[in-house]
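Working notes, structure below.
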Amino acid sequence: MKIKSLFFGIAKDLSGSAELILDIPVNMTIGEFESLLSERLSGLKDTQNFAFAANESFVERDYHIKENDVIAILPPVSGG
Amino acid sequence: MKIKSLFFGIAKDLSGSAELILDIPVNMTIGEFESLLSERLSGLKDTQNFAFAANESFVERDYHIKENDVIAILPPVSGG
Amino acid sequence: MKPIIMEKTISVILTEQTLNLQECFDFVKDPGCGGVAIFIGTVRNNTQKKEVKFLDFSAYEAMAVKEMQKIAQQAHVKYTIKKIAIHHAKGLLQIGDIPVIIAVSSPHRKDAFEACQFAIDSLKETVPIWKKEHFFDGEVWVNAHP
Amino acid sequence: MKPIIMEKTISVILTEQTLNLQECFDFVKDPGCGGVAIFIGTVRNNTQKKEVKFLDFSAYEAMAVKEMQKIAQQAHVKYTIKKIAIHHAKGLLQIGDIPVIIAVSSPHRKDAFEACQFAIDSLKETVPIWKKEHFFDGEVWVNAHP
């Protein structure tokens, strides 16, 4: 299935894109998606301390990605 | 000896004056001065929780009043 | 019958405009409250001894606003407060500029202080906003490599 | 030889003028500091369910200023702060008016918050200022009979 993924902060610089449409297997978890990212985007390797969001809410590594989900890749935040 | 005493807050209302020149015995303590006040100014009886200052600094009940001291009678404060 | 008026108790803003301290205070101040606690972040002129030229704040905007609203709601649940404003800037900021203002009113000043601290601590942990520091000889994403 | 410039790190004011939030912030803000904590007292519309008409603040002025300066100095000793402003109003204040503003800048926000709380707590305990509440049917010295 195709999902939209958004890259912010240093993730945007490392991936080279703010937004990518990626084709991923059905029912993939965020953890599996993270591995897939590191394979497809060589810059995105050390993402252990990154967070992920699905549809503007934080999700854990065991979250199963659904059709039409918008997945955001969030490096450690530094607002304030 | 004569000393100047200043009355603030409710103490001013109870004593009827902002400022009084009082004649007191030499070497009197603040504690003794407090008793003297309650005798001379009938309104000023319950001053246990009042504080006293000599020359703009807090002093305890055992402070010995000196010639030319300015003694202030300070009810519980309520600034802020 | 009296109309029911829902008073707004939360103000959340993420903006490229200069943040306004008086506006935050005016939003939270309340005739039933004795005190307001405010935290104002300011851009420092150096990090780890390097002189900062300017900062660039970017955000996952929709989610950042949602997360700031969550923090404001949590502050209302955890503490006895009347109103809370969480305003954050985005875009380029110079030394001394204000990236964030948090203002909280409460009948009790302890709650105002604690809710204000809770809100800034939470914001720095969870709200998807990123700061890039620009130096005279380069730039770096803050916190990217802890 | 460079001249030695002693920067003013304490601003203490007791005034009949309206207190100015922006002025307090402008005094304490510092390019070496990441944060400013501010407490603003506001006049409440009621005490113990009685509606307040206005307040009258009186002070032992010389001593009050000295005590506020002491608190500011103690805050500098106890916490890592850069600047502190303690401004207090005197005279008649209406509902919503501001009797007190305390602002503190620090490189570390925890110190800014703690010093600000310390200062307002100390001020309410030791600074010789008295508040008389005027109601529609009388008046009372606050704290006079605890």
Side-chain angles (χ1 to χ4, degrees), chain A residues 2-22 24 29-31 33-35 37-38 41-80, chain C residues 12-15 19 39-44 47 52 55-71 86-91 93 97-102 116-133 138-146:
Chain A
K2 286 191 172 23
I3 61 140
K4 189 199 274 191
S5 45
L6 306 175
F7 300 83
F8 293 96
I10 198 170
K12 182 176 157 189
D13 288 1
L14 294 174
S15 71
S17 310
E19 191 178 323
L20 287 174
I21 305 295
L22 294 169
I24 65 165
T29 64
I30 289 287
F33 178 67
E34 187 179 9
S35 306
L37 281 181
S38 74
L41 304 166
S42 57
L44 266 187
K45 293 270 179 237
D46 299 319
T47 54
Q48 305 93 312
N49 59 358
F50 283 27
F52 289 81
N55 314 314
E56 302 172 3
S57 289
F58 287 107
V59 289
E60 300 296 329
R61 256 56 172 185
D62 60 2
Y63 172 83
H64 288 270
I65 301 173
K66 291 169 195 60
E67 186 110 45
N68 299 319
D69 272 359
V70 176
I71 303 298
I73 292 87
L74 311 173
V77 301
S78 49
Chain C
V12 164
I13 291 179
L14 178 62
T15 177
L19 299 188
F39 177 78
I40 303 153
T42 49
V43 175
R44 297 177 64 167
T47 351
V52 173
L55 298 187
D56 190 0
F57 284 86
S58 56
Y60 183 6
E61 299 202 16
M63 184 175 169
V65 168
K66 275 189 190 175
E67 289 293 322
M68 288 195 280
Q69 274 161 346
K70 265 190 214 167
I71 291 169
I86 305 181
H87 292 192
H88 203 293
K90 61 181 181 178
L93 272 79
D97 282 356
I98 299 174
V100 65
I101 301 178
I102 296 179
C116 191
Q117 277 184 280
F118 162 79
I120 182 63
D121 289 351
S122 303
L123 183 146
K124 283 175 178 273
E125 265 176 36
T126 64
V127 177
I129 297 176
W130 296 271
K131 176 163 65 179
K132 196 177 212 174
E133 289 176 336
E139 53 195 52
V140 65
W141 286 104
V142 179
N143 278 3
H145 305 286

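Note on naming: letters A, B, ... go to the chains in the order of the sequence lines (proteins, then strands), and numbering restarts at 1 for each one.
- Of the two parts of C:Val142, the backbone and the side chain both hold a non-hydrogen atom closer than 4.5 Å to a non-hydrogen atom of chain A.
- Taken to the nearest 0.5 Å, the CZ atom of A:Phe8 stands 10.5 Å off from the CH2 atom of C:Trp141.
- For chain A, the nearby part of C:Ala59 is the backbone; its heavy atoms alone come within less than 4.5 Å.
- When heavy atoms are compared at a cutoff of 4.5 Å, C:Lys66 approaches chain A solely by way of its side chain, counted from C-beta outward.
- For NZ of A:Lys12, the number of neighbouring non-hydrogen atoms (other residues, nucleotides, ligands) closer than 6.0 Å is 12 at most.
- Only the backbone of A:Asn55 comes within less than 4.5 Å of a heavy atom of chain C; no side-chain atom from C-beta onward does.
- Scanning both residues, C:Met68 and C:Ile13, for their nearest heavy atoms gives CE-O, 3.9 Å.
- Heavy atoms closer than 4.5 Å to chain A are found in the side chain of C:Glu67, but not in its backbone.
- In this structure, C:His88 and C:Phe57 have perpendicular ring planes: the angle between them is above 60°, well past the 30° mark.
- Atom CD1 of residue C:Ile101 and atom CG of residue C:Leu19 lie 5.0 Å apart, to the nearest 0.5 angstrom.
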